[in-house]
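A short write-up of the structure that comes next.
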2 protein chains.
Amino acid sequence: MLLTKQRSLILNIVKNMDGHLSADEIYILARNSMPGIALATVYNNLNALYAAGEIGKVKIPDSADLYDRSPILHDHIICSKCKGVKDVRIPDFLGQLKESIGEEIDSYDLTINYTCQKCRKTSC
Amino acid sequence: MLLTKQRSLILNIVKNMDGHLSADEIYILARNSMPGIALATVYNNLNALYAAGEIGKVKIPDSADLYDRSPILHDHIICSKCKGVKDVRIPDFLGQLKESIGEEIDSYDLTINYTCQKCRKTSC
DNA sequence: TTTTAGATTTAGAATTATTCTAAATCTTAT
DNA sequence: ATAAGATTTAGAATAATTCTAAATCTAAAA
């Protein structure tokens with residue numbers, strides 16, 4: 001995998017962002033440093049970096065995928081009102097799944113819907 | 001909620017299908033009995049029946065939603081090769097989630113990726 | 001240093017699932 | 001019979017992502 005200037009810019013953005021951003025949001029940030037960059041390049045590189053295990057990716061039902069600075073397996077809770085995403089770690093979740101299903105599991109996609117503290121109080 | 005002939009046809013198809021079908025597949029079946037039915041009507045009714053708790057819906061990442069004859073909460077494993085979906089029941093999964101996260105959870109979306117027995121043998 | 005093969009980038013078109021729109025039609029209760 | 005509201009229809013619109021093909025870049029070989 002070549003480390004082009006587009007790719008290293010995108011890696012840099014993802015590694016330094018806090019929270020979780022979509023390809024489109026990363027594209028907007030990338031254009032600040034490199035105005036001519038194409039959206040397709042952002043997608044290409046996010047895919048390549050994810051495939052190479054450099055970054056994480058979160059599938060949000062009915063919404064754009066989000067990218068995560070950490071490639072380490074963990075889970076996500078998303079607020080149904082404000083759509084804010086938080087990382088959560090469920091101890092040995094994969095082990096629990098395998099045990100209760102009795103099949104060898106490759107991977108899983110999980111998003112947990114809740115209402116965050118702020119939204120519960122202020123009704124956003 | 002009115003029970004129109006379109007709606008009862010669609011309910012009937014879903015309740016009698018085995019396995020899981022997409023809106024488009026249900027549309028094709030519906031046209032056998034009612035050739036003029038619109039795809040939008042199939043979507044409208046699947047949404048209405050799901051909202052009314054009559055049927056289930058499964059979100060498949062990067063693919064069309066599937067509908068499920070049962071509205072009762074359960075989980076799904078999907079074969080990465082043949083894309084076949086099977087129901088699984090993980091005992092008190094919601095309880096486990098709540099406990100390990102320490103938040104009140106509204107709902108969750110989970111799909112588990114595996115390779116089914118057939119595909120493991122025959123490489124499909 | 002030139003060549004070359006392969007990887008990457010770009011712009012824009014294409015794809016796919018689903019929702020939206022607005023007009024027509026149907027239902028149910030009056 | 002009528003009116004209000006729900007549903008249906010066809011087709012346009014939307015949104016996220018991938019695809020295409022040509023141009024450009026990179027790294028390594030000659």
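Chain naming here is simple, since letters A, B, ... match the order of the sequence lines and numbering starts at 1 in each. Here the structure is a predicted model, which means the values were calculated and not measured.
Here C:dT9 presents its C1' atom at 9 Å from CD1 of A:Ile37, a figure rounded to the nearest Å. Atom CG of B:Leu11 is separated from atom C1' of D:dT7 by 16 Å (rounded to the nearest Å). A:Met34 places its CE atom 9 Å from the P atom of C:dT9, with the value rounded to the nearest Å. Nucleotide C:dA14 holds its C1' atom 14 Å from the CG atom of A:Leu39, rounded to whole Å. Across the protein-nucleic acid pair, A:Arg7 atom CZ and D:dT26 atom P stand 12 Å apart, rounded to whole Å. The interatomic distance linking A:Leu9 (CG) with C:dT10 (P) rounds to 10 Å, in whole Å. Note: CE (A:Met1) to C1' (C:dA7) measures 12 Å, nearest angstrom. Between the OH atom of A:Tyr27 and the C1' atom of D:dT18 there is a distance of 16 Å, rounded to whole Å.
A:Gln6 has a side-chain polar atom (N or O) that falls below the 4.0 Å cut-off from OP1 or OP2 of C:dT10. Considering only side-chain N and O atoms, A:Thr4 lies nowhere under 4.0 angstrom from the phosphate OP1 or OP2 of C:dA7.
Using a cut-off of 4.0 Å between Lys/Arg side-chain N and Asp/Glu carboxylate O, A:Asp109 and B:Lys59 are scored as not salt-bridged.
A:Tyr43 and A:Asp65 are not linked by any side-chain donor-acceptor pair at a separation below 3.5 angstrom, with hydrogens and angles left out of the test.
B:Ile37 approaches B:Gln6 most closely through the heavy-atom pair CD1-CG, 3.9 Å. Summarising the geometry of A:Met17 relative to A:His20, their closest heavy-atom pair is CE-CA, 4.4 Å, with the distance given to 0.1 Å. Taking every heavy atom of both residues into account, B:Leu3 and B:Arg7 meet most closely at CD1-CG, 4.0 Å.
Of the options B:Leu39, B:Asn45, B:Leu21, B:Leu9, a side-chain contact (heavy atoms from CB on, under 4.5 Å) to B:Ile26 is made by B:Leu21 and by none of the others.
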Check: Checking side-chain contact (heavy atoms from CB on, under 4.5 Å) for the pair B:Tyr114/A:Leu97: CA distance, chi angles, key distance, verdict?
Finding: CA-CA 12 Å; B:Tyr114 80 125; A:Leu97 273 188; over 6 Å; no
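Of the residues near DNA chain C, B:Asp24 and B:Lys5, the one whose nearest nucleotide (by heavy atom distance) lies more toward the 5' end is B:Asp24.
Proximity of residues 40-63 of chain A to DNA chain C (heavy atom under 4.0 angstrom from any strand atom) is restricted to A:Ala40, A:Thr41, A:Asn44, A:Asn45.
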